[in-house]
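Below is one structure, written out as structure tokens; the observations come after it.
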Amino acid sequence: MGTDIAQLIVSQHVDVILVDTNKEALNRAKEKMRKQLQFLHEHHFIEEAADSIIARIHFSEQMQDVKHCWLVIEAVPEKKELKQQIFKELEAVCHSDVIFATNTSGITVSSIAKELTYPERLVGMHFFMPASIIPLVEVIKGNDASEPVLEQVMHFLKKIGKQPVLIQKEVPGFIGNRIQHAIAREAISLLESGVASAEDIDTVVRYSLGIRLLITGPLEQRDWNGLDVHLDIASYLYKDLENRTTPSPLLEEKVYKGDIGVKSKQGFYNWEEENISSIQLRKNIELLELTKWLERKEQENKKSSSASVTNLNSSDNV
């Protein structure tokens, strides 16, 4: 995630310092970034050459190199104690007005900020994989978060082309991961119960909910369906939905066996014969094309709304 976030920001003509205490990890990050940027350049998603973009990144093994930055984004593994340790080290080298952001996927920001001398400077900045493509970023307001800090972060994310949403109240998993895990829990339960194959369950979601959710969110869709209809269905369906509070035995069994997905060549699907790099490349292209399409549609809708308001205001018949 750190590599992807760095690539996203530097591509928007912002200088970046990428820090990792492991020199090999930094070299891998640089090579991964170069390949991704070359691909984007060759397929005309970006105009600037890869090496020109990477030249704006300073790769460092030293934490003190970030002391002159105005914003520091942490993207270490999901371990609260590790994140707290990183921010303690950052406070030792950064001025008190430097903004800190954590890319945690679900740990509450307030619990990470407990060890900070200036907890008001820390916000959650949750990117979605791949961070360089998915437009949305969840900005999480901790209990001590400063309003000016939140405003600066929201403004910065909009400036680099992201669509930030401010999470006003801390809950584990925020919004995206709570909804994602609710869907995954039901999907795994359906597979476990033998209702359908993994492929068919995914097909149902992709070609019904997936397409619709791109245009209309789940709450707006309830308005279109009718809240009365939703209430009628909820009255008999909710009691039959998966509601266990622990991971499913099927999921635990697969992890125990080492069948953890693409990286082990076996998960809910068998990836043994697949060319993972080609599949990932294709999916990234599709995601890029979708996001570009969404951007165009939003711009068209804004122009259309603006024209309608102008016509309305200029009419003598209002």
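On a predicted model such as this, the values are computed, not experimentally measured, just so you know.
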When you group the ILVMFWY residues by side-chain heavy-atom contacts below 4.5 Å and let the links chain together, are Val171 and Leu150 in the same group?
no

Distance alone, cut at 3.5 Å: any donor-acceptor contact between the side chains of Asn177 and Gln180?
yes

Would you call Arg296-Glu300 a salt bridge at under 4.0 Å N-O?
no

How far apart are the closest heavy atoms of Gly2 and Leu18, and which atoms are they?
O-CD1, 4.0 Å

Considering only residues two or more places apart or on different chains, which pairs with a residue in residues 79-113 satisfy ring pair (Phe, Tyr, Trp, His ring centres under 6.0 Å)?
Phe87-Phe100

Sidechain N-carboxylate O distance under 4.0 Å for Glu295, Lys297
no

Please report the shortest heavy-atom distance between Met63 and Leu90, naming the atom on each side.
SD-CD2, 3.5 Å

Could you check whether any side-chain heavy atom of Glu120 comes within less than 4.5 Å of a side-chain heavy atom of Asn143, counting everything from C-beta outward?
no

When rounded to the nearest 0.5 Å, the distance separating CZ of Phe128 from CG of Leu136 is 5.5 Å

Please round to the nearest 0.5 Å and tell me the distance separating atom CG of Leu166 and atom CD1 of Ile140.
9.0 Å

For Ile99 and Val153, which heavy atoms make the closest approach, and how far apart are they?
CG2-CG2, 3.9 Å

Not counting sequence neighbours, which residues clear side chain to side chain donor-acceptor pair (under 3.5 Å) with Ser132? List them please.
none

Can you name the ring pair (Phe, Tyr, Trp, His ring centres under 6.0 Å) partners of Trp70, sequence neighbours left out?
Phe156

Got a donor-acceptor contact below 3.5 angstrom from the Ser264 side chain to the Ile260 backbone?
yes

Take atom CD of Gln64 as the centre, draw a 6.0 Å sphere, and report whether it contains more than 12 heavy atoms from other residues, nucleotides or ligands.
yes

Using the six-membered ring wherever Trp is involved, compare the ring planes of Phe45 and His43 and label them parallel, tilted or perpendicular (cut-offs 30° and 60°).
parallel

Any Lys/Arg nitrogen of Lys141 or Glu170 sitting under 4.0 Å from an Asp/Glu carboxylate oxygen of the other?
no

Quick check: does any side chain N or O of Glu74 sit under 3.5 Å from a backbone N or O of Thr102, one acting as donor and the other as acceptor?
no

Would a hydrophobic clustering, with Ile, Leu, Val, Met, Phe, Trp and Tyr connected at side-chain separations under 4.5 Å, put Trp293 with Ile211?
no

At their closest point, which heavy atom of Leu227 faces which heavy atom of Asp223, and how far apart are they?
CD2-OD1, 3.7 Å

Enter the distance from Leu40:CG to Ile285:CD1 here, rounded to the nearest 0.5 Å.
9.0 Å

Would a distance-only check, ignoring hydrogens and angles, find a side-chain to backbone donor-acceptor pair under 3.5 Å from Asp20 to Glu61?
no

Honestly curious: do Ile107 and Ile175 fall in one hydrophobic cluster under the side-chain, below-4.5 Å linking rule?
yes

For Gln280, does the CD atom have more than 12 heavy-atom neighbours from other residues, nucleotides or ligands under 6.0 Å away?
no

Between His126 and Phe174, what is the ring plane arrangement, given parallel below 30°, perpendicular above 60°, and tilted in between?
tilted

Pro148: side chain to side chain contact (heavy atoms under 4.5 Å, CB included) partners, not counting sequence neighbours:
Ser146

Test side chain to side chain contact (heavy atoms under 4.5 Å, CB included) on Cys94 and Val66 and set out the steps.
CA-CA 7 Å; Cys94 294; Val66 306; 4.0 Å; yes

Determine yes or no for a side-chain-to-main-chain donor-acceptor pair under 3.5 angstrom, with Gln84 supplying the side chain and Ser111 the backbone.
yes

NE2 of His58: more than 12 outside heavy atoms within 6.0 angstrom?
yes

Check this for me: does any side-chain nitrogen of one of Arg244 and Glu192 sit under 4.0 Å from a carboxylate oxygen of the other?
yes

Under a 4.5 Å cut-off applied to non-hydrogen side-chain atoms, are Val10 and Asp15 in contact?
no

Please determine whether the number of non-hydrogen atoms from other residues, nucleotides or ligands lying under 6.0 Å from atom NZ of Lys30 exceeds 12.
no

So Gln266 and Lys257, do their side chains get closer than 4.5 Å, heavy atoms only?
no

Do the non-hydrogen side-chain atoms of Leu122 and Ile112 ever get within less than 4.5 Å of each other?
yes

Validation row: Ile201, Ser197 side chains within 4.5 angstrom (heavy atoms):
no

Does a side-chain heavy-atom distance below 4.5 Å link Leu191 with Phe268?
yes

Can any side-chain N or O of His41 pair as donor or acceptor with the backbone N or O of Glu47 at less than 3.5 Å?
yes

With a 6.0 Å cut-off (strictly less than), is the heavy-atom count around OH of Tyr118, excluding the residue itself, greater than 12?
no

Are Tyr236 and Val229 connected in a single hydrophobic cluster, I mean Ile/Leu/Val/Met/Phe/Trp/Tyr linked by side-chain heavy atoms less than 4.5 Å apart?
yes

Electrostatic pair Glu31-Arg28, nearest N-O below 4.0 angstrom:
no

For Ser60 and Ile17 the tightest heavy-atom approach is CB-CG2, 4.4 Å

Any heavy-atom pair between the side chains of Ile134 and Thr291 that's under 4.5 Å?
no

Under 3.5 Å, is there a donor-acceptor pair between the side chain of Arg178 and the main chain of Pro172?
yes

Name all pairs fulfilling the salt bridge (charged side-chain N to carboxylate O under 4.0 Å, His left out) condition that reach into residues 198-218, sequence neighbours left out, sorted by first residue then second.
none

Flag, side chain of Ser189 to backbone of Arg185, donor-acceptor distance under 3.5 Å:
no

Atom CD of Gln38 and atom CG of Asp51: how far apart are they, to the nearest 0.5 Å?
6.5 Å

Give a yes or no on whether the backbone of Gly142 and the side-chain of Ser110 come within a donor-acceptor separation of less than 3.5 Å.
no

Under the 3.5 angstrom rule, does the side chain of Ser193 hit a backbone N or O of Leu190 as a donor-acceptor pair?
no

Answer with yes or no whether the hydrophobic clustering places Val205 together with Leu290; edges join I, L, V, M, F, W, Y residues whose side-chain heavy atoms lie under 4.5 Å apart.
no

Can we say Glu78 and Lys83 salt-bridge, meaning some charged N sits less than 4.0 Å from an Asp/Glu carboxylate O?
yes

Once salt bridge (charged side-chain N to carboxylate O under 4.0 Å, His left out) is applied, what residue pairs with a partner in residues 104-115 remain, sequence neighbours excluded?
Lys88-Glu115

Looking at Asp97 and Arg121, is there a salt bridge between them, counting it only when a charged N and a carboxylate O are closer than 4.0 Å?
no

With heavy-atom distances below 4.5 Å as the criterion, would you say the side chains of Met129 and Asp4 are in contact?
no

Minimal heavy-atom distance between Trp271 and Tyr269, with the atoms involved, is CD1-O, 3.4 Å

When you look at NZ of Lys67, are more than 12 heavy atoms from neighbouring residues, nucleotides or ligands closer to it than 6.0 Å?
no

When rounded to the nearest 0.5 angstrom, what is the spacing between CD in Gln12 and CD1 in Ile53?
9.5 Å

Is it the case that more than 12 heavy atoms not belonging to Glu272 sit under 6.0 Å from its CD atom?
yes

For Thr216 and Glu220, test the side chains for any donor-to-acceptor distance below 3.5 angstrom and give the result as yes or no.
no

Kindly compute the distance separating CE (Met154) from CE (Met125), expressed to the nearest 0.5 Å.
10.0 Å

